[in-house]
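Read the numbers this way: they start at 1 and go in the same order the structure lists the ligands and their atoms.
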Amino acid sequence: MGPDCVFEFSGDVQGANVLEQKVNAVFGDDEPTGFGTGWWSGVLSAFFGVLALGAVVCLHFPQLLTSPELRAYYPMQVMRLLIQALIVAAIVFGLASAILRRKKVLGLTGMLLALAATLWGGASVPINQPLHNGPAIGLDWFLLDMLLMTLIYSPFEVLWPAYPKQGIFRNEWLLDVVYFLSTHLPIQITSFLILLPATQLTTVFGIPAVLRAMAQLPWLVQFLLAILVADLAEYAIHRAFHSVPVLWRFHAIHHSSKALDWLAGSRSHLVDDVVVRAFILIPMMFAFPHDIIVAYLFFVTLHATWTHSNFRPSIRWLEPFLISPRYHHWHHTSQQEAIDKNFAIHFPWIDRIFGTYYFPKDAWPEAYGLADEKIPAGFWGQFFYPFRLAR
Ligand SMILES: [Zn+2]
Ligand SMILES: [Zn+2]
């Protein structure tokens, strides 16, 4: 697939962080990356190896490394089968890659990780201690969601990319993995900030008459209304993040991606994330029952991730009604004609109503990122950047 150079740094090498350059140098090579070259089997082997070893670590330290919110829902038989499957897949793909490819390090790494996972007890590590609620890191949630999101989005991006030369290891891919980590490891804090207001405060703040009237409507109508209320709120706060200088410093982080894919959607400053979520959830709590709000949270995660993906095909008749990747990509361009356009995240006609709609026929942007603003390259530099400037 793609060009003849893998782990390619496109242009701005200074922007990439040092660790990423090292990873690229150790694992990358300049052989072709099409199917049958051992490239994809190597990548899959290393990926499954990391997940398998991470899962075995979770089995050894469940109290510390698994989230109490999720533990109760795990069918452990199935989870153990999944871990076993990851180990086997890492070895099989690793072997295939080592046979097919001149540079063996990718396939060997995957096999080594799988071997380490097996030697450390593999899928059958018993959980002896009784688990109780308490502070924990959501390593399980990070591994599981990484696997899920990769399975859902990556095949589309690999098979039908909008930018075939981009590749999955584009510039700053590792930085975005760190962003993904940063929202998954503290799951107790994030679920407290998101799910608690969504599910519990509805009963406190909900207006009984409105809630009763809402309950009369069919589920689908309630759901669509919830998306509408959420997107109107999102439009307002998103536009504010673009036009108020203090807020823009936070939102600039999300706009700093020079190439978009599903993972780039996770690059967002914590303050940006929390403020936007609160702004969306508060109006929803007045009118919608908690199951609708939870359903919306699933929908927004899937849809917002989708709109960032490097995926070209589109359902033409649906484009005016529901935002497609090409539409949100125009929001991320550094081209003058589309700056401060396309603020909605679900319904493009909201932008039409407020005069911020930009969607040229069939065209994709040529350049992404911040036009003339330089922000730090690393995660912590970006975290402190808005505060530093806001003196
Ligand atoms: Zn924006
Ligand atoms: Zn975005």
Side-chain angles (χ1 to χ4, degrees), residues 149 152-153 156-157 161-163 166 170-173 175-180 182-183 227 230-280 297 299-312 314 319 322-348 350-352 354-359 364-373 375 382 385-386:
M149 292 291 166
I152 295 174
Y153 297 105
F156 291 104
E157 294 189 327
Y163 301 92
Q166 186 172 302
R170 40 81 186 166
N171 206 5
E172 299 187 326
W173 67 273
L175 173 66
D176 290 335
V177 173
V178 173
Y179 271 99
F180 196 76
S182 78
T183 53
I227 301 175
D231 209 10
L232 285 171
E234 194 280 340
Y235 180 94
I237 190 68
H238 190 183
R239 199 163 170 176
F241 264 99
H242 275 251
S243 44
V244 179
V246 178
L247 293 178
W248 169 253
R249 292 180 195 120
F250 292 98
H251 191 54
I253 310 295
H254 182 61
H255 279 269
S256 67
S257 302
K258 293 240 186 298
L260 291 192
D261 52 22
W262 75 261
L263 187 58
S266 4
R267 188 184 307 184
S268 185
H269 197 283
L270 183 72
V271 170
D272 186 347
D273 252 6
V274 170
V275 170
V276 169
R277 275 173 187 161
F279 211 83
I280 291 175
L297 288 172
F299 174 75
V300 67
T301 307
L302 286 173
H303 189 214
T305 308
W306 175 249
T307 61
H308 288 93
S309 65
N310 174 21
F311 178 67
R312 182 171 291 269
S314 176
E319 282 185 346
L322 191 70
I323 285 171
S324 57
R326 192 167 72 83
Y327 187 88
H328 189 65
H329 276 231
W330 275 108
H331 178 67
H332 278 266
T333 186
S334 55
Q335 290 164 235
Q336 205 51 45
E337 62 271 29
I339 298 288
D340 293 341
K341 297 281 193 285
N342 300 5
F343 292 114
I345 53 166
H346 302 304
F347 297 141
I350 293 179
D351 278 300
R352 267 189 203 274
F354 293 109
T356 50
Y357 180 87
Y358 186 81
F359 200 41
W364 287 77
E366 277 161 21
Y368 290 90
L370 300 165
D372 41 31
E373 189 174 346
I375 63 161
Q382 296 185 353
Y385 168 76

K.L.:
With a cut-off of 2.8 Å, does His251 place any N/O/S atom under that distance from the Zn ion (ligand 1)?
P.N.:
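Within the cut-off used here (under 2.8 Å), His251 does place an N, O or S atom near the Zn ion (ligand 1).
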K.L.:
Could you identify the N, O or S atom of His328 positioned closest to the Zn ion (ligand 2)?
P.N.:
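Result for His328 and the Zn ion (ligand 2): NE2.
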K.L.:
Rounded to the nearest 10°, what angle sits at the Zn ion (ligand 1) between NE2 of His242 and NE2 of His238?
P.N.:
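Result: 100°, to 10°.
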K.L.:
Assess His255: does it contribute an N, O or S atom lying under 2.8 Å from the Zn ion (ligand 2)?
P.N.:
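Coordinating: no.
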K.L.:
Please name all residues satisfying side-chain contact (heavy atoms from CB on, under 4.5 Å) with Leu302, sequence neighbours left out, ordered by chain then number.
P.N.:
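If we apply the side-chain contact (heavy atoms from CB on, under 4.5 Å) test to Leu302, skipping adjacent residues, the hits are Ile152, Tyr153.
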K.L.:
Determine the sole option in Phe279, Phe343, Phe347 for which the ring-ring contact (aromatic ring centres under 6.0 Å, His included) test with Tyr235 is passed.
P.N.:
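For Tyr235, the ring-ring contact (aromatic ring centres under 6.0 Å, His included) check succeeds only for Phe343.
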K.L.:
For a distance under 2.8 Å, tell me if His332 has an N/O/S atom near the Zn ion (ligand 1).
P.N.:
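Here the distance criterion (N, O or S atom, under 2.8 Å) is not met by His332, so no.
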K.L.:
Tell me, please, whether Phe359 has Arg326 positioned over its six-membered ring: NZ or CZ under 6.0 Å from the ring centre and within 45 degrees of its axis?
P.N.:
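Positive - Arg326 is close enough to the ring of Phe359 and near enough to its axis.
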K.L.:
Run through Tyr327, Phe299, Phe156, Trp262 and flag the one making a ring-ring contact (aromatic ring centres under 6.0 Å, His included) with Trp306.
P.N.:
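Only one of Tyr327, Phe299, Phe156, Trp262 forms a ring-ring contact (aromatic ring centres under 6.0 Å, His included) with Trp306, namely Phe156.
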K.L.:
Among His255, His308, His254, which residue satisfies the ring-ring contact (aromatic ring centres under 6.0 Å, His included) criterion with His331?
P.N.:
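In the set His255, His308, His254, the residue that makes a ring-ring contact (aromatic ring centres under 6.0 Å, His included) with His331 is His255.
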